[in-house]
2 protein chains.
Amino acid sequence: MTNKIDSYDHVLLAAIQDDARLSQSELGERANLSTAAVNRRLKQLAKDGVIERYTANINPKSLGYGLTIVAEVKAESERADLLDEMREGFRACRQIQQCYYVTGDCDFVLIFLVQDMDQYVELTRRLFHGNNNVKAFKTLVVMDRVKAGMHVPVDKSGERS
Amino acid sequence: MTNKIDSYDHVLLAAIQDDARLSQSELGERANLSTAAVNRRLKQLAKDGVIERYTANINPKSLGYGLTIVAEVKAESERADLLDEMREGFRACRQIQQCYYVTGDCDFVLIFLVQDMDQYVELTRRLFHGNNNVKAFKTLVVMDRVKAGMHVPVDKSGERS
DNA sequence: CCTGAAATATCTAAAAG
DNA sequence: CTTTTAGATATTTCAGG
């Protein structure tokens, strides 16, 4: 089922990751494939889960989300059910754009997108102070989103970078 | 130039953020607009920079990027030119998916996408040990990408969440 | 601002090499 | 894999309210 991803696919993936609205004929030119081949490959890549979704990136500021915050959360207990509960609480929070469960000094790294500090404080009350399994949390205020995106490195040659 | 974003736009933005391949007629049904109106609005939103880009999310694992790492970097000096140099170094590194310049215990938060620990170690040598302005760094290995994406909360009513 | 219709362009699938 | 064909969809523009 899951076919090997060849160098044609690499070109296609790099291209649509950069601009998902390139036409299949345009993609065909870049990859030296016919539109029919492009069409078939894109479909297969989506079916195999290599392409997870097509999405539009929205400028957070334009919707009032002018503040990005990184938070590190340390759990009291590592009990699976309690961790799962935290995980789901974070997942359900719309202002938490990203959530990573990590090893190291803390257990979760969260990236918040909020309108202002008041909104963040309110969220910490609910998510952190309101959860007995949160032992401590640390707040890092983002001054510059130097690089933000979900881009995956794609080598057109299929080689390791 | 930058028109006010009304509730129609909110519906469109929420929809295309979720699935950028919905047709304009489909979008029109959801927003109660004609396809022509949808077309004009999408174009305006892109021109205004509200829609930053259309992209495909690629599954990192399918390309061999099985390891996600969060790193915190502390700078030696806060001199603007030295910080800028770091910033640009991080930006240029393909395995650094995200880079945030922050206030707090550290100066930069980085999110790496790497193939394996060897590759990460190699990158730390070049980016951290190889840079005199890096005072210290901390590595957090991601065990679970609980929530990953660039989604911005969009309220279809245009109200604050 | 909107709609609806017409003109383009694109996508998809099938057939044949 | 390719090209070609043809029909279905989607996008874009334009006339007019």
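Below, chains carry the letters A, B, ... as their sequence lines are ordered, and counting in each starts from 1. All values below come from the heavy atoms of this structure, side chains included, with hydrogens, waters and symmetry mates left out. Bear in mind that the values here come from a model prediction, so they are computed numbers and not experimental data.
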Which nucleotides of nucleotides 3-17 of chain C have their base under 4.0 Å from a protein heavy atom (B), which only their sugar-phosphate (S), and which neither (-), written as one string 5' to 3'? BB------SSS----
Counting only N and O atoms by type, is there a donor-acceptor contact under 3.5 Å from the side chain of Asp116(B) to the main-chain atoms of Asp118(B)? yes
For residues 126-136 of chain A, which side-chain donor-acceptor pairs fall under 3.5 Å, sequence neighbours excluded?
| residue | atom | partner | partner atom | Å |
| --- | --- | --- | --- | --- |
| Asn131(A) | OD1 | Asn133(A) | N | 2.7 |
| Asn133(A) | OD1 | Ser77(A) | N | 2.8 |
| Asn133(A) | ND2 | Ser77(A) | O | 3.2 |

Which ILVMFWY residues are connected to Val70(A), directly or by a chain of links, through side-chain heavy atoms under 4.5 Å apart? Tyr100(A), Val102(A), Val109(A), Ile111(A), Leu140(A), Val142(A), Met150(A), Val70(B), Tyr100(B), Val102(B), Val109(B), Ile111(B), Leu140(B), Val142(B), Met150(B)
Of all pairs that satisfy ring-ring contact (aromatic ring centres under 6.0 Å, His included), the ones with a partner from residues 21-44 of chain A, not counting sequence neighbours: none
Test Phe108(A) against Phe90(A) for ring pair (Phe, Tyr, Trp, His ring centres under 6.0 Å), laying out the working first. CA-CA 10 Å; Phe108(A) 291 96; Phe90(A) 296 149; 5.3 Å; yes
Sequence neighbours excluded, every pair satisfying salt bridge (Lys or Arg N to Asp or Glu O under 4.0 Å) that has a member inside residues 6-16 of chain B: Asp6(B)-Arg41(B), Asp9(B)-Arg41(B)
Can you pull the contact range of chain A along DNA chain D, 5' to 3', using atoms under 4.0 angstrom from its heavy atoms? dC1(D) to dT3(D)
Arg87(A) to Tyr101(A), cation-pi by 6.0 Å centre distance and 45° axis angle: yes
